[in-house]
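Below is one structure, written out as structure tokens; comments come after it.
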Amino acid sequence: MTAPATPPAEADGLYRKLPQLGEAIRRPEFTSFPHTMVVAAARSVLAGIRQRIAKGEHTEASLETEIAHLPRSILAALHEGERYSLRPVINATGVVLHTNLGRAPLSEAAIRNIAQVAGGYCNLELDLASGERSRRDEHVERLILRVAALRSGQDADAFARSHGALVVNNCAAATYLALNSLAEGGEVIISRGELVEIGGGFRIPDILRKSGCILREVGTTNRTRVADYEAALSPNTRLILRVHPSNFSMEGFTERPALSALVALSRQYAVPLFEDQGTGCLVDLADYGVPHQASLIESIRGGPDLIAASGDKLMGGPQCGVLLGRRELIDKVLSNPLLRAFRVDKLTYAALEATLFEYLAEELQRIPVVRMLREDPEVLFARSRALADSVAGATLQAELMAARSVIGGGTTPGASLPSFAVALHHSSLDAKALAVVLRRLDPPVISRIREDRVLLDLRTVPAHMDGLLASLLKQPLESFAAAAPEPGDEVQT
Ligand SMILES: *Cc1c(COP(=O)(O)O)cnc(C)c1O
């Protein structure tokens with residue numbers, strides 16, 4: 001609102017124009033809502049108006065308009081109050097693993113399996129053959145080991161004999177639990193170049209300290225050699241830690257030992273090597289035009305003693321952390337009483353099991369994350385062209401432009417995939433206001449802004465939603481701009 005400031009004396013008069021609560025709620029359109037909800041909605045709308053009067057944002061005329069709209073505002077507040085807070089959105093950012101948007105969408109099979117398991121009882125901790133109590137972590141262990149062996153080209157039976165796996169809430173929990181189980185009170189050697197912050201305040205040095213380990217930093221920020229690790233080994237060393245620096249890349253005068261060199265060192269001195277791999281990537285990204293990326297496959301082949309990875313990054317499954325490693329190390333983690341605090345529920349097992357089955361069946365296109373990475377730019381071009389043609393009108397300009405989609409989620413720093421975007425320009429809304437309006441649609445559309453254009457990248461929009469997206473954009477968008485944009489709510493990737 002751009003009304004001139006109201007002197008205090010006149011503000012008194014404005015307050016008196018406001019209807020009483022009882023009067024405001026006596027309307028037939030509210031009778032279908034519970035009385036307490038109507039009262040709460042009306043109170044909050046009236047309080048908002050009072051606040052605007054106090055700030056001097058109302059003239060007599062603007063207040064009258066707002067009072068005339070009062071029933072509509074209360075009704076809108078009522079509908080808002082009925083809506084779930086967590087809602088599906090259309091991710092048109094092109095960021096495949098968008099941390100703010102829930103990372104990996106699940107496969108059809110995972111969703112079906114969640115629904116089946118959730119709707120009734122299941123054998124979460126029951127051995128169906130013996131009728132005895134069993135452990136929940138056994139449900140996916142063999143499957144994880146089979147998929148790990150299959151994807152890394154190793155003999156599945158031999159791999160399963162010497163390895164174990166377990167699932168916890170996320171990769172951060174997996175890393176913490178592994179450090180605490182294997183190295184509490186002892187020293188953990190880590191390169192200064194890998195003392196990273198993964199995001200959301202997850203800092204490797206803090207996790208090390210919280211897990212009760214003594215940090216032994218070696219090397220420098222840009223260069224660490226095997227000899228640096230070797231020189232730091234002591235009778236107190238419990239673990240060598242290697243962390244995938246997943247959200248940044250260093251260029252120039254840098255050096256980092258190959259995984260194989262650290263594996264050799266750890267075997268020579270019989271000190272276990274633990275790798276926080278993070279990405280959980282079980283495909284070869286080079287096949288999709290993204291070369292030189294660390295993957296879980298590569299780590300499994302490299303043979304560190306223990307690996308931690310996220311389930312909802314490039315693996316494309318539910319939020320969880322997978323620990324995979326030598327049998328005796330996994331057994332140590334399993335015997336940590338803290339495991340209980342990090343264990344996952346039946347829905348996670350249901351989704352993870354179904355996701356991993358797609359890898360076993362080699363049906364990778366059924367995993368949405370993999371499908372989006374593979375999406376043919378020509379298909380994206382055609383879909384974007386069709387969307388631009390169908391939404392362009394008198395007030396909305398829509399042009400096709402070349403763009404790059406980001407994989408995101410802290411997996412592949414600096415890497416991107418060739419894509420296309422529909423660039424929107426509105427005759428009365430600037431790019432920022434237009435992006436706000438798009439988030440007010442139902443379902444909300446999340447976009448990104450470049451050079452005063454709002455970009456829509458269809459790589460992350462399921463093709464069957466193109467029609468819905470077009471119809472959302474064909475509405476008179478300026479009518480959603482009524483209220484001022486909330487400050488500081490820009491989405492981060
Ligand atoms: C993403 C990531 C984490 C954190 O994983 P969450 O599953 O989000 O807890 C930890 N380490 C690395 C290397 C990562 O890439």
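Remember, it's 1-based here, ligands and their atoms both numbered in the order they're listed. Every heavy atom of this structure was used, including side-chain atoms; hydrogens, water molecules and symmetry mates were not.
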Please determine if Arg151 forms a cation-pi arrangement with Tyr359, meaning its NZ or CZ atom is less than 6.0 Å from the six-membered ring centre and no more than 45° off the ring axis.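 That pair does not qualify as a cation-pi contact.
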Best match, [options]: closest heavy atom to [atom]:
atom: atom 8 (O) of ligand 1; options: Arg103, Glu194, Lys313; answer: Arg103
atom: atom 10 (C) of ligand 1; options: Asp312, Ile207, Asp276; answer: Asp276
atom: atom 6 (P) of ligand 1; options: Ala294, Cys171, Ala308; answer: Cys171

Classify the side-chain pair Asn222/Thr220 by whether it contains a donor and acceptor separated by less than 3.5 Å.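 There is such a pair between these side chains.
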Any side-chain donor near an acceptor of the partner, Ser299 and Glu275, under 3.5 Å: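 There is such a pair between these side chains.
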Considering heavy atoms of the protein only, find what lies nearest to [atom] and give residue, atom and distance to 0.1 Å.
atom: atom 7 (O) of ligand 1; result: Ser310 OG, 2.7 Å
atom: atom 3 (C) of ligand 1; result: Ile198 CG2, 3.5 Å
atom: atom 9 (O) of ligand 1; result: Ala172 N, 2.8 Å
atom: atom 13 (C) of ligand 1; result: His244 O, 3.3 Å

Do Leu306 and Pro272 have side chains that approach each other closer than 4.5 Å (heavy atoms only, starting at C-beta)? no
Gly278-ligand 1 polar pair, N/O distance under 3.5 Å: no
Can you find an N/O atom of Gln277 closer than 3.5 Å to an N/O atom of ligand 1? no
Hey, mind stepping through Arg326 and Glu328 against salt bridge (Lys or Arg N to Asp or Glu O under 4.0 Å) and telling me if it holds? CA-CA 6 Å; Arg326 266 176 34 219; Glu328 60 274 26; 2.7 Å; yes
Under a 4.0 Å N-O cut-off, is there an ion pair linking Glu80 with Arg83? yes
Do Ser134 and Asp127 pass the side-chain hydrogen bond (donor to acceptor under 3.5 Å, both in side chains) test, and can you show the C-alpha distance, the side-chain angles, and the key distance before you say yes or no? CA-CA 5 Å; Ser134 66; Asp127 180 64; 5.6 Å; no
For Asn170, take its heavy atoms, then give the atoms of ligand 1 lying under 4.0 Å from any of them.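 Near Asn170, meaning under 4.0 Å from one of its heavy atoms, ligand 1 has 6 (P), 7 (O), 9 (O).
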For Phe202, take its heavy atoms, then give the atoms of ligand 1 lying under 4.0 Å from any of them. 10 (C)
Rounded at 0.5 Å granularity, tell me how far CG in Asn91 sits from CG in Asp457.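 Here the interatomic distance stands at 8.5 Å.
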